[in-house]
Each structure stands twice: as C-alpha cells, then as structure tokens.
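As structure tokens, the structure follows; a few thoughts come after it.
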Amino acid sequence: MSLASTIRLSYFHSSLKSYIERQDSKSALLLLRQFLQSTVKPNDFTFSLLLKSYASSSSALNPIIAKIEVNQTRNHLVKSGIDQFVYVSTALLDLYMKLGCVESARGVFGEMPQRDVVSWNALLCGYSRNGYDIDALDLFVQMLREGLAPQITTLVGLIPSCGRCDNLFPGMCIHGMGIKAGIDFDSQVKNALTSMYAKCGDLGAAKLLFEEMEEKTVVSWNTMIGAYGQNGFFDEALLMFKRMLEESFEVNSVTVLNLLSTSNCAELIHCYVIKSGLNNDVFVITSLVCVYAKCGDTVSAELLNMLSPHDNLVSLTAIISSYGEKGNIGLVVEYFSRVQKSGLKMDAIAMVSILHGIKDPAHSNVGIAFHCYAIKSGLCIKTLVANGLISMYSNFNDIDAALSLFYEMPEKPLITWNSVISGCVQAGMAREAMEVFCQMMMFGQSSDSVTIASLLSGCSQLAYLQFGKRLHSYVLRHDLETEDFVETSLIDMYTKCGSIECAERVFKSINEPCLATWNTMISCYSLNGFERKALTCYIEMLEQRIEPDKITFLGVLAACTHGGLVHEGKTCFQVMTEQVGLVPNLQHCACMVGLLGRAGLFEEAMSFIQNMDIEPDSAVWGALLNACRIHQEIRLGESLAKKLYLLDYRNGGLYVLMSNLYAATGRWDDVERVRKMMKGTEGDGCTGVSQIEVPSVVKLNPLILWLRVFSRSSQLLKFSAGVLPIRLYMLDRLRDAQTGDKRYL
DNA sequence: CTAGGGTTAG
C-alpha cells in the first residue's frame with residue numbers, strides 16, 4: 001500500500017472514531033460508503049470501527065433498519081475475507097446480540113473458523129441479556145468441555161440467567177467454581193451473586209454476601225434494596241436505603257426505581273426524587289407513572305407522563321392498564337391510538353394490557369378488532385398475547401373462540417392451560433373446564449395451585465362434591481394446602497356443595513388465615529343460615545387484628561339480614577362507614593334495605609334509600625319489594641314494582657316477587673296477569689336446574705371406563721353429568737398407580 | 001453487575 005493510501009486510511013479511521021464518540025452510526029455508514037468508492041481499500045480495523053459505532057448507538061436505532069444494514073456489512077465482511085479476523089467477527093456477533101438478533105449472532109458464531117474466549121463470552125452474555133437463559137447455561141457447559149476457563153465476564157453474564165430461571169442449584173455450582181478459580185472477589189461477580197440468591201429466594205445468602213463485601217458500590221446497595229423489596233421486606237429495604245444515605249453513598253435512578261417498586265409510600269419517595277434532583281430521569285418518571293397508575297391515580301400518572309420528553313411505551317402501558325382496570329374502554333382505545341401515532345412499536349406486554357381491559361361482552365366488537373390487530377402485527381404468536389385473547393373471549397362467554405385459540409397454539413405452557421380452564425369456569429362452563437383438565441392430564445402436563453383453585457371453583461358451580469373432595473386429596477398430596485387461594489377455594493367449594501362441616505374443618509386447619517379466607521368462612525356461615533356463627537367468626541377475625549374490607553361487611557350484613565338481626569346489622573353498617581371508612585356499594589345498601597324491610601321498618605328503609613349517595617338499582621328496590629311480600633304490603637309493593645319495571649323490565653325476580661305477593665293475599669287474577677307479563681318478556685334465563693352426582697363409581701368396570709377415557713381423549717365432547725366425574729376419578733387413580741400408590745387398582 | 005409495563009386464582 002502506498003504511503004498516500006496509508007495516510008488516507010488513518011485519516012478515515014480517526015473520523016470514524018469521532019462518530020463512535022458521538023454515537024452516530026448513520027454518519028459512520030455514509031462515510032464508509034463514500035470511502036468505498038475511492039481506490040483505497042478498508043481493512044479489518046475499519047470494519048471493527050464501523051461495528052463499534054453501531055454498538056455505541058444500538059439502543060437508539062430502529063432495530064429493523066439496523067439489522068438490514070448490519071446484514072449488508074456482514075456480506076461485505078465475508079466477500080472481503082475480513083470475517084476471518086476473530087475480533088471483527090466477535091464484534092459483529094456482539095452487535096447482533098445488542099440489536100436482539102439472537103439467531104443471527106448464533107449463525108456468526110457457528111461460521112467462525114476459530115474462536116477465542118472473548119467470542120464465547122460475547123455469545124454467552126448475549127444469550128443472557130436477551131433472556132435465552134437456558135441457552136446461556138448450556139453454552140457454559142459446552143465452553144467448559146472445550147477446555148476454556150471461566151472468566152469474570154463469563155460469570156457476570158451467566159449468573160443473572162440462573163436468577164431469572166429461579167434456579168438456585170446451578171447458581172450455587174457457579175458460585176463454587178468462581179471461588180475455586182479465585183474470581184469471586186470481583187465486585188461485579190459478588191453483586192451478580194447477591195442478586196441471584198435474592199431472586200431465588202435465599203435472602204440469607206444474599207445478605208451474607210453483601211455484608212462481607214469489602215468494596216461496596218452503588219450497585220451493591222441497589223441490589224440489596226431490590227433484594228428485600230422483591231421478597232416483600234419493605235421495611236428492611238427502607239432501612240437499607242437509610243444506611244446507604246448514612247454511609248453517604250450517591251443515590252442514582254436505579255436506587256429510586258427499586259424503592260418505588262418496593263414500597264407502599266410512593267408519595268414519600270416522590271418527594272425524595274424531587275429534592276434529590278432525580279426527577280428529570282426518564283426511567284424515574286416512568287417508574288413513578290407506573291406506581292401512580294397501579295394504585296388507580298390516573299390523574300397523577302398522566303400529569304407525570306407529560307413531564308417525559310417523549311412518549312414511552314412502558315408509561316403508556318401502565319396508564320392503559322389502569323384505565324382497563326377501571327373499565328374505561330374509551331380511554332384504553334384512545335391511549336392505544338396515541339401509541340400508534342407516536343411511532344412506538346406495540347409489544348406483547350402492551351398488547352395484553354389492552355386485551356385485559358376489555359372485559360364487558362358489550363365491547364366484544366372492540367375486542368375482535370384488537371384480535372385482528374394482534375394477528376396483523378404478528379403479536380398473537382406470543383404465548384402472552386394468546387393467553388390474553390383466551391381470557392378475553394372467556395369474559396365474552398365465547399368459550400368456542402377461546403378453545404379454538406387454545407387448540408391452535410403450538411406450545412401450551414401451564415399458564416395457558418390455566419387460562420383456558422379458569423376461562424371456562426368463569427364463563428359458567430365448568431364442565432368444559434374439567435374436560436380440558438382431563439386432556440391436560442393425558443398430555444402429561446402437571447397442574448399447580450392455580451389449576452386446582454379454578455377447578456374447585458368449577459365444583460362449586462356444579463355442586464360436584466365428590467370431585468371436589470378428590471381435588472382436596474390432590475391438594476394434600478402435593479402440599480398445596482399452604483396456598484391462600486387453594487384454601488379459600490376449598491372452603492368455598494365445601495360451602496357451595498353444602499358440606500359446611502368440611503368447610504369448617506379446612507378453615508380450622510389453617511394456621512394464619514388471610515383476609516379472603518376469613519371472608520369466605522363468614523359468607524359460608526351466612527349462606528347456610530348460621531348467622532350467629534358468622535358474627536362470631538367476624539369478631540374472631542377482628543381479634544386477629546385483620547382489617548375487614550367490603551366483602552367482609554357484605555358477608556356480615558347478609559347474615560344479619562337473613563337472621564333478622566336488625567341491631568347488629570345497623571351497628572355493622574355504622575362501623576363500616578364511620579370507623580373503617582369504606583364507601584358502601586349497591587350490594588351493601590340492598591342488604592340494609594332488606595334488613596330494615598324484613599323487620600317491617602318501611603319508613604326507615606325508605607329514608608335509608610333516600611339518603612343513599614349512589615343511585616339505587618333494581619337489587620335495592622327488589623329487597624324492599626321482597627319485604628312487602630313478607631308483610632303483605634300491597635300498595636307499596638305495587639308502586640315499587642312500577643319503579644322496577646321501568647328500571648329493568650326483563651328482571652325475572654320482579655315478576656316472581658309480585659306474583660307471590662298477590663298470591664299471599666289471595667289475588668289470583670293478578671297472579672295470572674303478572675305471570676303472563678313475565679312470559680311476554682321471554683324470561684331472563686333463570687330457569688333452575690337440578691342435578692345429582694353418580695354415587696359409588698368404584699363398582700363400575702375400570703377397564704371399560706379406561707377405554708372410554710382413551711377413545712374420547714383426542715377431542716372435546718360434552719359429557720353427561722355422571723360420566724365426567726367417573727373419568728376424573730379414573731385418571732386420578734391411574735396417576736396414583738403411576739406414582740406407586742396401588743391402593744385403588 | 002442493580003432497574004420500569006403483563007397473562008392464570010377466592
């Protein structure tokens with residue numbers, strides 16, 4: 001190469017270097033294009049600089065365009081043979097990883113004629129950063145087999161993968177290897193290990209590592225604050241923060257982020273943010289938006305969002321979720337169009353937040369439109385989005401749609417099975433849910449506490465006491481009885497199936513029942529006519545210093561209403577509104593009206609209705625009408641019936657009550673008239689159904705049953721009430737047989 | 001190395 005060419009090349013390189021500093025890959029590429037037209041040939045160093053400029057600005061690039069450009073660069077490297085330089089190919093691999101193109105990076109690695117430790121590290125760290133945690137662990141093993149010793153970079157890349165998989169064992173092995181190799185003293189390795197132990201739930205180990213660390217950095221403190229927060233120790237997290245301030249460490253945005261997601265005192269942290277001048281950090285603002293959105297304060301969330309220089313997807317997603325939670329579909333759609341207009345790209349989480357907000361069957365057209373969007377944008381292949389769609393269609397009571405989505409999914413993780421099972425139950429199709437559960441067992445998919453809780457709820461619906469009991473055994477066998485949700489579902493199942501003794505037994509076996517469990521037990525007594533027991537249970541709950549909520553008071557009020565306990569009911573309502581400070585909803589009001597009306601206190605009931613802060617609905621007026629029936633108050637009853645008719649003429653209860661009122665006073669002509677009116681409204685679908693369980697299934701021939709189970713396993717068939725419990729029973733016994741429990745076969 | 005939005009459950 002001539003001297004002139006060498007000078008030109010080095011001049012060109014220094015220009016490229018300045019673009020790296022300015023994170024301007026666009027200009028770097030333009031410059032290279034110009035240069036290629038001249039007679040001087042770029043060399044390996046030129047390309048390493050170009051790749052570096054891309055890496056420096058990778059987070060700000062449009063990933064699709066960047067990928068195309070990098071692909072072109074790769075072609076160039078191959079044609080000119082520069083890809084034979086290990087360091088250039090490694091830089092290319094690293095760049096692909098930074099752009100999230102894991103497969104391309106894997107390809108580059110595969111084609112490399114030789115690799116050094118840096119290449120292995122780049123691939124491993126790339127896997128880890130992109131969430132390919134299992135691949136990272138596999139690669140590490142492969143790396144060791146090739147005879148390469150792990151370095152600090154290797155461990156720093158690998159350890160977070162163990163944490164994310166919640167995989168303590170490999171994490172501990174790697175810790176041990178670090179000690180043997182003498183690289184566990186590195187502060188980055190120690191921080192990574194601390195975080196890993198915390199994520200796997202071993203706070204003791206995390207704390208030990210943190211305390212014995214000699215050179216703690218901000219990252220170490222942040223890690224420890226996060227460790228306490230993630231495991232629910234909010235006070236300890238705050239104490240850690242206090243200690244950090246005392247030892248005068250500089251607080252950064254990650255500290256605030258950890259504190260915000262940790263604590264329940266958002267305002268306090270917000271004040272600190274403003275005082276410490278971190279309030280301009282985009283991440284901090286986003287985090288604050290999320291906190292306010294999560295607790296339903298959309299006003300503050302939106303105000304804060306306006307402080308952000310650009311719209312960002314995370315903030316908008318949080319706001320969308322918040323409006324979805326409130327059922328404000330209009331604003332959900334509006335914020336979606338805002339995402340579209342601002343040029344942000346919807347991702348799976350944003351998509352599922354929208355779907356989650358569409359619950360009302362009246363909005364099914366909107367839901368279907370978003371389903372179309374999910375298909376067009378390619379997001380519907382993501383499991384997360386598919387699950388969201390299944391739940392959405394279940395909310396519309398469109399089980400066929402939910403099931404067809406489900407069967408089309410190529411991969412069905414546990415959560416998908418759970419989505420479809422709970423979807424069926426919530427849509428009132430518990431029998432379908434149990435069908436799916438059978439298929440799940442056939443498939444070899446194991447279930448968890450969520451599956452069982454959903455199925456128990458299905459048993460309540462169908463009054464399948466036998467199957468419910470079998471699920472209870474399953475719970476005991478699999479040590480799931482410690483889960484709040486499962487315990488509560490069990491009590492609910494026994495209550496609804498009429499077996500109050502069993503419900504009580506489950507309740508008494510629980511060490512520290514949570515609020516929902518107490519609530520269920522109170523409602524259980526109330527539903528079964530044990531008003532006094534319901535009240536005693538409520539008092540016991542208060543003695544345990546558990547703060548009652550709206551559901552608690554609903555249960556207690558209902559008990560008072562059923563039992564005619566006027567004084568207790570009034571006191572309870574007073575406690576709720578004045579002492580606990582809860583705003584009564586329509587259901588509470590209906591209970592109170594029923595309570596007063598049943599006691600014949602019509603004037604008090606009417607003045608109660610007039611003093612209500614919310615507009616009374618058909619349930620409130622209906623409660624009073626029911627009282628009229630009991631006390632044979634024809635005149636008031638008729639005027640109430642008119643009101644109710646105007647509110648909701650399709651409400652079947654109205655006609656039944658009026659008919660009974662007329663019947664009680666011997667006005668048979670009016671009874672006839674009301675019944676005709678009800679038929680005119682085509683009824684409201686409240687027709688009662690009675691069913692019984694098939695007893696003593698054990699006597700049936702197991703072989704025939706098993707054949708039946710097999711022949712029908714491939715498709716979803718509607719079963720008669722009798723056969724399904726038998727199938728479930730058989731499956732259960734078969735599994736017992738597989739796991740060595742031969743008692744039943 | 002630490003970090004923000006999400007799906008299943010009474």
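Treat the numbers as computed from the prediction; the structure is a model and nothing was measured.
- Considering A:L527, A:T517, A:V556 in turn, A:V556 is the only one that fulfils the side chain to side chain contact (heavy atoms under 4.5 Å, CB included) rule with A:I522.
- You won't find any donor-acceptor pair under 3.5 Å spanning the side chain of A:S489 and the base of B:dG10, going by distance alone.
- Set against B:dT8, B:dG4, B:dT7, the side chain of A:L384 has B:dT7 as its closest nucleotide.
- A:Y393 and A:F396 have perpendicular rings, their planes meeting at more than 60° on a 0 to 90° scale where under 30° would count as parallel.
- Residue A:T317 is in base contact, counting any heavy-atom pair closer than 4.0 Å across all strands shown.
- Side-chain rings of A:W518 and A:F507 approach one another, their centers coming within less than 6.0 Å.
- Here the two rings, on A:F241 and A:W221, have centers that are 6.0 Å apart or farther.
- Here A:V450 lies in heavy-atom contact (under 4.0 Å) with a base.
- Within 4.0 Å (heavy atoms only), A:K199 reaches sugar-phosphate atoms of the nucleic acid but no base atom.
- Note on A:D448: nothing from the nucleic acid sits closer than 4.0 angstrom, heavy atoms only.
- Residue contacts for A:D484: at a heavy-atom cut-off of 4.0 Å it reaches a base atom on one of the strands shown.
- Considering only side-chain N and O atoms, A:Q426 lies nowhere under 4.0 angstrom from the phosphate OP1 or OP2 of B:dT8.
- Of all nucleotides listed (B:dG4, B:dG10, B:dA9), B:dG4 comes nearest to the side chain of A:V314.
- For B:dG5, neither phosphate oxygen OP1 nor OP2 lies less than 4.0 angstrom from any side-chain nitrogen or oxygen of A:H356.
- For A:S195, taking side-chain heavy atoms from C-beta onward, the closest of the listed nucleotides B:dG4, B:dG6, B:dT2 is B:dT2.
- Within the 4.0 angstrom heavy-atom criterion, only backbone atoms of the sugar-phosphate kind lie near A:S454; the bases stay farther away.
- Counting any heavy atom pair closer than 4.0 Å across all strands shown, A:T255 reaches no nucleic acid atom.
- Side-chain nitrogen and oxygen atoms of A:K190 include none within less than 4.0 Å of the OP1 or OP2 phosphate oxygen of B:dC1.
- Heavy atoms of A:N252 sit nowhere under 4.0 angstrom from any nucleic acid atom.
- No contact: A:I320 has no heavy atom under 4.0 Å from any strand.
- Judged by atom type and distance alone, A:D347 reaches the base of B:dG5 through a side-chain donor-acceptor pair under 3.5 Å.
- Among the atoms of the strands shown, base atoms are found under 4.0 Å from some heavy atom of A:C514.
- Using a 3.5 Å distance cut-off with no hydrogens or angles, the side chains of A:N418 and A:D448 do pair a donor with an acceptor.
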